[in-house]
Peer 1: 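First the structure, then my questions, so here it is.
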Amino acid sequence: MELIGESLRVHLLGVGGNKKVEQAVGNVLLDLATVAKTIASEVNRAGLAGIIGNVNHRNVHGEQVQKLDVYANDLIVASLRASGSVCGMASEEAEDIIASSAIGENSEYVVCFDPLDGSSNIDVNVSIGTIFSIYKRKTRSGGPAILDDFLQPGCNQVAAGYFVYGTSTMFVYTAGDGVHGFTLEPTIGEFRLSHPRIKTPERGKIYSCNEGHSATWDEGTRVYVESLKTRSAGTGRPYSGRYVGSFVADFHRNLLKGGIFLYPADRRDPKRPAEGKLRLMYECNPLAFIQEQAGGVAVEIDKRMLEIVPRGIHHRVALVIGSRIDVEEYLACHAQHV
Ligand code: AHM
Ligand code: MG
């Protein structure tokens, strides 16, 4: 690969004070990028190292936790504690917020993350990823972060991003000034700017959802998805269905190519009210921030995703995210079937 792009450090912190982000936020992003390199190399050798497969416990959502998830989680927590760049953490793998180290209590930032999203794909060699979101704490620095520091709507995010461990390892982030993508050049172990100022197409040709659950969706969503199979996407061809079941991988493809991703509320569990699967704070909000910055839209039906006030760190939402025209057409169709 030709090394044409600037390095992540130079991009974020510049030379001669020309910074893309405040130094303290840049430090969190650089810490995460360092951890992601280690996760990427473990993901690549997971089969050999024998750390794929389940461990014998379930996470707070009752899902089977897999070894690599635990490994990625522990690595991120240990690294951020060691660097002291955040004052608290919230992870998909932990029921409660996670304390920083004493030095981190001086930081003004908290981070929420899904250490390894798409974990059901780990042992079948399909792309997985790490998603994160950074907020400025509400309480004064100099003490541990509290739950209130985390429970902020997504529009308060200072920065958000993801790493996708695919054919290459990529890092995509926004700090509110566009979306920038970096590719890991493995021979030198450095993220280089490969996709500056990503913009998503206004309309795509791809829809992504788990249609196996369609019988339990609301009618508006069912009618919309059915309509895509006969309707032309302005190209003379019907939409293509693409869904690998790793949110990061499905999102990344649609961001670059255009399209719509849906994880609607469903009624699969009769004991629970209809709800979505994905989590607001460390899955939906970070990618909603990126999607909006790239020119797209993210909603939970009639609510802008980034305006939802979280009820807790593991709050689940129904998500529709993608190209602007596609999401608008979804909403128009949905409104006709309530
Ligand atoms: P995970 O964080 O436990 O891996 O779950 C989230 C994943 C997403 O990556 C993906 O979009 C979704 O779950 C797939 O769910 P389903 O198998 O119901 O389609
Ligand atoms: Mg996840």
Side-chain angles (χ1 to χ4, degrees), residues 36 39 42-43 46 51-55 57-74 76 89-95 112-133 160-166 170 172 206-217 221-222 225 241-255 259-269 272 274-288 290-291 298 300 305 312-322:
I39 297 175
E42 287 304 313
V43 166
I51 52 173
I52 57 172
N54 297 333
V55 287
H57 68 92
R58 293 177 170 266
N59 72 11
V60 292
H61 309 289
E63 299 156 339
Q64 193 77 34
V65 174
Q66 296 188 285
K67 284 184 187 174
L68 212 49
D69 303 38
V70 178
Y71 172 83
N73 181 68
D74 294 353
I76 295 172
M89 294 162 264
S91 165
E92 178 182 321
E93 300 297 340
E95 182 146 14
C112 307
F113 54 87
D114 182 348
L116 215 46
D117 178 67
S119 47
S120 64
N121 279 323
I122 291 173
D123 51 1
V124 290
N125 226 338
V126 170
S127 298
I128 48 183
T130 298
I131 316 175
F132 69 87
S133 170
Y162 62 86
F163 299 89
V164 57
Y165 311 111
M170 274 198 72
V172 176
I206 292 172
Y207 74 99
S208 311
C209 54
N210 187 338
E211 278 195 88
H213 303 157
S214 62
T216 63
W217 293 345
T221 304
R222 264 203 315 272
V225 169
R242 294 278 185 276
Y243 186 77
V244 299
S246 277
F247 184 28
V248 173
D250 281 312
F251 176 85
H252 183 68
R253 179 201 54 237
N254 289 9
L255 180 74
I260 185 165
F261 176 99
L262 309 96
Y263 207 113
D266 62 53
R267 291 170 209 284
R268 276 180 291 159
D269 184 348
R272 281 213 307 234
E275 62 174 13
K277 173 182 181 185
L278 299 179
R279 277 56 62 116
L280 177 64
M281 297 217 59
Y282 41 79
E283 291 178 324
C284 299
N285 269 341
L287 301 195
I290 289 172
Q291 187 74 52
E300 183 181 45
M305 190 60 57
I313 54 178
H314 301 293
H315 180 157
R316 291 174 193 265
V317 283
L319 169 73
V320 177
I321 189 167

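All heavy atoms count here, side chains included; hydrogens, waters and symmetry mates do not. In this chain, residues are counted from 1 in sequence order. Start at 1 and go down the list; that is how both ligands and their atoms are numbered.
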Peer 1: For His213, take its heavy atoms, then give the atoms of ligand 1 lying under 4.0 Å from any of them.
Peer 2: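 Near His213, the atoms of ligand 1 are 18 (O).
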Peer 1: Of the side chain and backbone of Glu93, name the one, both, or neither that has a heavy atom under 4.0 Å from an atom of ligand 1.
Peer 2: neither
Peer 1: Can you find an N/O atom of Val248 closer than 3.5 Å to an N/O atom of ligand 1?
Peer 2: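 No: no nitrogen or oxygen of Val248 is under 3.5 Å from one in ligand 1.
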Peer 1: Has ligand 1 got any nitrogen or oxygen that is less than 3.5 angstrom from a nitrogen or oxygen of Lys277?
Peer 2: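 Between Lys277 and ligand 1 (N or O atoms, distance only) the closest approach is under 3.5 Å.
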Peer 1: Would Glu211 and Tyr243 count as a side chain to side chain contact (heavy atoms under 4.5 Å, CB included) here? Give the steps.
Peer 2: CA-CA 9 Å; Glu211 278 195 88; Tyr243 186 77; over 6 Å; no
Peer 1: Is a donor from one side chain sitting under 3.5 angstrom from an acceptor on the other, for Asp117 and Thr130?
Peer 2: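 The answer is no; no qualifying pair exists.
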Peer 1: Find all atoms of ligand 1 within a distance of less than 4.0 Å from any non-hydrogen atom belonging to Ser119, and give their numbers and elements.
Peer 2: 3 (O), 4 (O)
Peer 1: Considering the heavy atoms of Glu283, write down every atom of ligand 1 situated less than 4.0 Å from one of them.
Peer 2: 2 (O), 6 (C)
Peer 1: State, to 0.1 Å, how close Thr221 and Pro264 come at their nearest heavy-atom pair, and which atoms those are.
Peer 2: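 Heavy atoms of Thr221 and Pro264 come nearest at CG2-CG, 3.7 Å.
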Peer 1: Could you check Phe261, Tyr282, Tyr263 and say which one makes a ring pair (Phe, Tyr, Trp, His ring centres under 6.0 Å) with Phe247?
Peer 2: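 Running ring pair (Phe, Tyr, Trp, His ring centres under 6.0 Å) over Phe261, Tyr282, Tyr263 with Phe247 returns exactly one hit, Phe261.
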Peer 1: Name the option, out of Val244, Asp266, Asn210, that contains the heavy atom nearest to atom 17 (O) of ligand 1.
Peer 2: Asn210
Peer 1: Which of the numbered atoms in ligand 1 are under 4.0 angstrom from any heavy atom belonging to Ser246?
Peer 2: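 Listed by number with element: 9 (O).
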Peer 1: Against heavy atoms of Asp114, which atoms of ligand 1 measure under 4.0 Å?
Peer 2: 2 (O)
Peer 1: Enumerate the atoms of ligand 1 whose separation from the nearest heavy atom of Phe247 is less than 4.0 angstrom.
Peer 2: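 In order of numbering, the contacting atoms are 8 (C), 9 (O), 10 (C), 11 (O).
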Peer 1: About how many Å separate OG of Ser119 and CG of Asp114, when rounded to the nearest 0.5 Å?
Peer 2: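 Here the rounded value is 7.5 Å.
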Peer 1: Give the atoms of ligand 1, by number and element, whose distance to some non-hydrogen atom of Glu92 is under 4.0 Å.
Peer 2: 1 (P), 2 (O), 3 (O)
Peer 1: Starting at CD of Glu300, measure out to CZ of Arg316 and round the result to the nearest 0.5 Å.
Peer 2: 12.5 Å
Peer 1: CG of Asn210: more than 12 outside heavy atoms within 6.0 angstrom?
Peer 2: yes
Peer 1: Going from CE on Met305 to CD1 on Ile321, what distance comes out if it is rounded to the nearest 0.5 angstrom?
Peer 2: 7.5 Å
Peer 1: Less than 3.5 Å between some nitrogen or oxygen of Arg268 and one of ligand 1, yes or no?
Peer 2: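 No, Arg268 has no N/O under 3.5 Å of an N/O on ligand 1.
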Peer 1: For ligand 1, is Ser120 a contact, meaning one of its heavy atoms is under 4.0 Å away?
Peer 2: no
Peer 1: Say you draw a straight line from CZ of Phe113 to CD of Glu93; how long is it, rounded to the nearest 0.5 Å?
Peer 2: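 Answer rounded to 0.5 Å: 9.5 Å.
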